[in-house]
Each structure stands twice: as structure tokens, then as C-alpha cells.
Protein chains: 2
Amino acid sequence: MRENKYFSIYQEWAEKIKAGELKPGEILPSENEMAEKYQTSRETIRKALNLLSQNGFIQKIKGKGSIVLDINKMSLPFSGIISFKEVTASLGIDVKTIVYEFGLIKPDLFLQKQLQTSAKEEIWKVVRARKLNNERVILDKDYFIKKYVPLLTKEICERSIYEYLEGELNLKISFAKKEILVEECTAEDRKYLDLKDFTHIVVVKNFVYLEDATLFQYTESRHRLDKFRFVDFARRGL
Amino acid sequence: MRENKYFSIYQEWAEKIKAGELKPGEILPSENEMAEKYQTSRETIRKALNLLSQNGFIQKIKGKGSIVLDINKMSLPFSGIISFKEVTASLGIDVKTIVYEFGLIKPDLFLQKQLQTSAKEEIWKVVRARKLNNERVILDKDYFIKKYVPLLTKEICERSIYEYLEGELNLKISFAKKEILVEECTAEDRKYLDLKDFTHIVVVKNFVYLEDATLFQYTESRHRLDKFRFVDFARRGL
DNA sequence: TAGTGGTCTAGACCACCGA
DNA sequence: CGGTGGTCTAGACCACTAG
């Protein structure tokens, strides 16, 4: 995929740690050794190791070395911007997706604010429920600005929209802002989800930006209380 | 504080952006210009700019430059490991802390698992409620391993434990794993919080590690549903 | 003291963007 | 085309850890 030297070194060691070839507590070869081994400079090795550190694979300790962390305890840094399909696939869960709404709309005032766009802009609206173990527990409401996503079909929505955007449309997602809070259930929630007698619902609002810092998607992911879980790995300072 | 060249350059520009001296959409001086201005190498400038990028202040675009993002829309990357006091102080909210429990305990099985420690280990237990606008809406249950925190007093708990740990004890917090989920309210929640008729509560579990990757604290922060909000800024890929 | 990671330098070549 | 950021190099000095 990306063929940077430092990135492939990062991947190689990330794989080794994930596969358990290196146990938690073990120390990696020193930066000088690795620079020698890969026939590269130490700064390049350091970029790879910094990635491992940022993603919770290792801890670098001055004067000692880089020690492997317990990624099971870290529970994978799945905090980032990953799509629903990526999460469930990596956990091996069987999921069904039901598309309830699909089409082009003009944004109302709320959407104009969220997407920072005008009333004339055309927007794709997609409403989907996610079924785990035969229960509809997550409601995803996606809004894409048509300017950046010219074509979308119901079939794509039933699979993974992100695979399509990044794979076929070659859109480059750059960063996202997430906001998590709890709201009272709406009539729509009750209509499209198997809510039992829960009165509230966890809402994850997601603003997704492209490489040139333009906002192109707003998503509301509404999770039944008992099925919500969010994990975050963070380094202090920087 | 830290007197790295790249870190102080990072701080300088972060301040400028926070203060609004640079408006969203403006572009920063090029890396070469800055290297010239600060009489340093371009790699050092790049380290500073990468920090700005990772923390949501700017977006770097190949061939164009570094453009300022709207940090209000980003809502500050307060996703990291910050203490309650830091958050509220930065938002200018008035908060009172009530200490309900304070003392040394031996860990039960649950705590032994969470803190990865033996039954003989001594643990500081602190239970505090946070009062916003005269309502107790957050219950913080902190557990510190005494080995790393020899002394703790009720007075410190009423202020900020983290100020004490980092300032006076000079403990270096390195990283943390956060887990967010929703549970049913317990009798303890009802006893120490003004819960109204909420049946569930947002639980933030926090595992905090020191520089040498040893776990030294486990915290459960229990938020009343209507008062919970979590913001996260994440870059895709890396 | 020898080895480690942390910072920094002064170059280099490349892919990308705008005029 | 010139300027931008992205990658990479081969050094250097430092602070820290361990034996």
C-alpha cells in the first residue's frame, strides 16, 4: 500500500507483536541494531518505532530500550476513524445491515450547520440499522455531500460505504472529530431498532474531513445502551 | 517546562492559533521559511508542525502548505489523559468536590484483576462526587497502588490528585487506556449522586501507566447520562 | 563506562501544486 | 516552472540506565 521505508518497518513489527512472536515485556533490538539490519538511518527507524509507540504497541524507555506492551490489555487502538465493518470484521462478529432510507435530499437547518453547507447543496442521506445476533442495536444515519460523492447506490450501502469511498472513488479521508453523548430515544430509534425498554441511547456524532480539510460527511451512530463500548489509547503530553 | 526546540516552536504556534491571531484557512509560513526564521533545521520545524497536525491545529497539504483548522469545530483535543480539574478549569466551570471515602485497602478479586496486582498489595481508595451547579453528577472511584504513591491525604483529594502526583511526587504519567460503556445504576451511585430517575450511568474506566509502563492507577468515573460528553480528534492511518 | 533512546543538523531527492 | 511538504541520510551531542 504505502511503500515508505519507515511505514513498512512499522507494519512488520506491529504484525510480529499482534501475532505474539514478541511477548509483552520483551525488548526490541536497539535503534542502532535495526538501522544496521535494515540498512537505513536511525531517524528512519525512529519514525517506525514512534508509530509503534503512538499506537500502543511499545513503550520506549530512555537508556533501556523499547519494550513490548500488552496489546490485549490495550484492546487495540480502535479509537481512530474506522468504519463499522472494519471493527466487526476484526472482532469476527457476524453482522447484517438493513437499509431503511436512501436518497438525495436538501439539508434542513440542522444539517446545514453540521455540514457547514448551504440549503442548495445536494446531500446523500442513508439510514441503516446494524443487526447483531438477530437484534437491531445500532442505527447509522449518514449524510454525504454529493459534490464529493457523485454516485452512491443501495447496494453499496448494504456493504461498506467506506470501502467504496476509499477503494473505488479514491477519496482520501484525513481526520475526524468524534463526539459521544447520551440522548433520549426518538420515535425513529424505536421504529428502526429493537430497543427493549431503554429510554436513552448513546449517540456518536462523527465529522469526517478529506485531505484538503474539507468536511464531506456527517454521521450519527446511535447505539443501544447495552451494546455500546468505546476504547481509547492515549499518550500524555504528546 | 520542556525546553526542546521543536516543542517550544509547537507551543508558540499553538498559542497563536488558540488566541485567534491566525484564522482558520490561513496558511503558515513554509517549512523552509520557518527553519530560516528560527535558525534551525527543517526536520526540527517538521517535528513542531507534526505536533500541531496531530493535535488538530493545522492540516498539512503537499505542494500547498500548512493551513489552520477551526479548533472551535474541533472542540479542543481533550480526548487525551487529562484530569477532571484540567477539563473544568479550561472550560471555566465552577465545581465542588466531595470526598466520601478515603483510605488504604486490600484489593478484592475485581481490583486485583484491574490493577494486575496481588491480594497483599496496599491500595489507596478514594471515592469522590463532583458537584456542578449544585448537583452531584459524577462519581469518581480512584485506586492507586501505594508502592508508587506513598502518601495521600484527604486534603489532596479535595483539590487535584494529579497536580500532587505530577507536581510534588514528580510521577511521570506516560499513557492510559480508556474504556467507555453504560451500566445500570448501583446502590452506591444512588447514594452518592443526584440521579433523578435515570436507570443507567455512563462508566469511564481508566487505566493509567507510568513511564516504565507499570500500571499504577485504576479509575472509574461514573457520569449521569445527561451530563456526559466526550470529544475525540483522530487522524486516519497515522 | 558502554549502550540506549532523545534531540538536532545540513544536506538530498521526490511527488505534488499553482501559476 | 519554482515552491511546497514527504522521505531519507550520516553524522553529532546529550541524558539516561545498567553493570
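Residue numbers start from 1 in every chain, and the chains themselves are labelled A, B, ... in the order their sequence lines are given, proteins ahead of strands.
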Rounded distance (Å) that lies between atom [atom2] of [N] and atom [atom1] of [X]:
X       : N      : atom1 : atom2 : answer
A:Lys5  : C:dC13 : NZ    : C1'   : 12 Å
B:Asn50 : D:dC8  : CG    : C1'   : 15 Å
A:Glu43 : C:dG5  : CD    : C1'   : 11 Å
A:Ile67 : D:dC16 : CD1   : C1'   : 15 Å
A:Asn4  : D:dG6  : CG    : P     : 11 Å
B:Leu49 : D:dG5  : CG    : C1'   : 10 Å
A:Gln59 : D:dC16 : CD    : P     : 16 Å
B:Asn32 : D:dG6  : CG    : C1'   : 13 Å

Would you mind telling me which of [options] lies closest to the side-chain atoms of [X]?
X       : options              : result
A:Glu33 : C:dC8, C:dT4, C:dG5  : C:dT4
B:Tyr6  : D:dT7, C:dT9, C:dT7  : C:dT7
B:Ser41 : C:dT9, D:dG5, D:dT9  : C:dT9
B:Arg42 : D:dG5, D:dC8, C:dG6  : D:dG5
B:Glu31 : D:dG5, D:dG11, C:dG6 : D:dG5

Is the shortest side-chain N/O distance from [X] to OP1 or OP2 of [N] below 4.0 Å?
X       : N     : value
B:Thr44 : C:dT9 : yes
B:Lys47 : C:dG6 : no
B:Thr40 : C:dC8 : no
A:Arg46 : C:dG6 : yes
A:Ser30 : C:dT4 : yes

(request) Please test B:Gln11 against B:Tyr6 for side-chain hydrogen bond (donor to acceptor under 3.5 Å, both in side chains), starting from the C-alpha separation and ending with a verdict. (result) CA-CA 9 Å; B:Gln11 282 185 309; B:Tyr6 76 87; over 6 Å; no
(message) On DNA chain D, compare the nucleotides closest to B:Glu211 and A:Gln39; which residue's is nearer the 5' end?
(response) A:Gln39
(message) For A:Lys141, give me all partners under side chain to side chain donor-acceptor pair (under 3.5 Å), at least two apart in sequence or on another chain.
(response) A:Glu188
(request) Assess the side chains of A:Thr214 and A:Asp212: does a donor N or O sit below 3.5 Å from an acceptor N or O? (result) yes
(message) Counting Watson-Crick and G-U wobble pairs with both distances under 3.5 Å, what is the dot-bracket string for DNA chain D, 5' to 3', using [ ] for crossing pairs and | for pairs to another strand?
(response) ||||||||||||||||||.
(request) Compute the centroid of each ring, for A:Tyr218 and then for A:Phe144, and state whether the two points are separated by less than 6.0 Å. (result) no
(request) Would you check if the distance from the ring center of A:Phe216 to the ring center of A:Tyr209 is below 6.0 Å? (result)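 Between A:Phe216 and A:Tyr209, the centre distance exceeds or equals 6.0 Å.
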(request) Taking the side chain as every heavy atom from C-beta outward, state whether A:Phe7 and A:Leu51 have any atom pair closer than 4.5 Å. (result) yes
(request) Could you encode protein contacts along nucleotides 14-19 of chain C as a string, one character per nucleotide from 5' to 3', using B for base contact, S for sugar-phosphate-only contact and - for no contact, with a heavy-atom cut-off of under 4.0 Å? (result) --BSS-
(request) Start with the C-alpha distance between A:Tyr162 and A:Gln217, add both sets of side-chain angles, then the distance that settles side-chain hydrogen bond (donor to acceptor under 3.5 Å, both in side chains), and finish with yes or no. (result) CA-CA 11 Å; A:Tyr162 261 54; A:Gln217 177 194 5; 2.6 Å; yes
(request) Evaluate the salt bridge (Lys or Arg N to Asp or Glu O under 4.0 Å) criterion for residues A:Glu31 and A:Lys60: first the C-alpha distance (whole Å), next the side-chain angles of each, then the deciding distance (0.1 Å), finally the verdict. (result) CA-CA 11 Å; A:Glu31 298 179 349; A:Lys60 308 182 77 176; 3.1 Å; yes
(request) Could you tell me whether a side-chain N or O of B:Ser8 sits under 3.5 Å from a main-chain N or O of B:Asn4, the two making a donor and an acceptor? (result)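 Flag set: sc B:Ser8 to bb B:Asn4 pair under 3.5 Å.
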(request) For a salt bridge (Lys or Arg N to Asp or Glu O under 4.0 Å) with A:Asp142, tell me which candidate from A:Lys205, A:Arg128, A:Lys125, A:Arg222 qualifies. (result)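 Testing each of A:Lys205, A:Arg128, A:Lys125, A:Arg222 against A:Asp142, the sole residue satisfying salt bridge (Lys or Arg N to Asp or Glu O under 4.0 Å) is A:Arg128.
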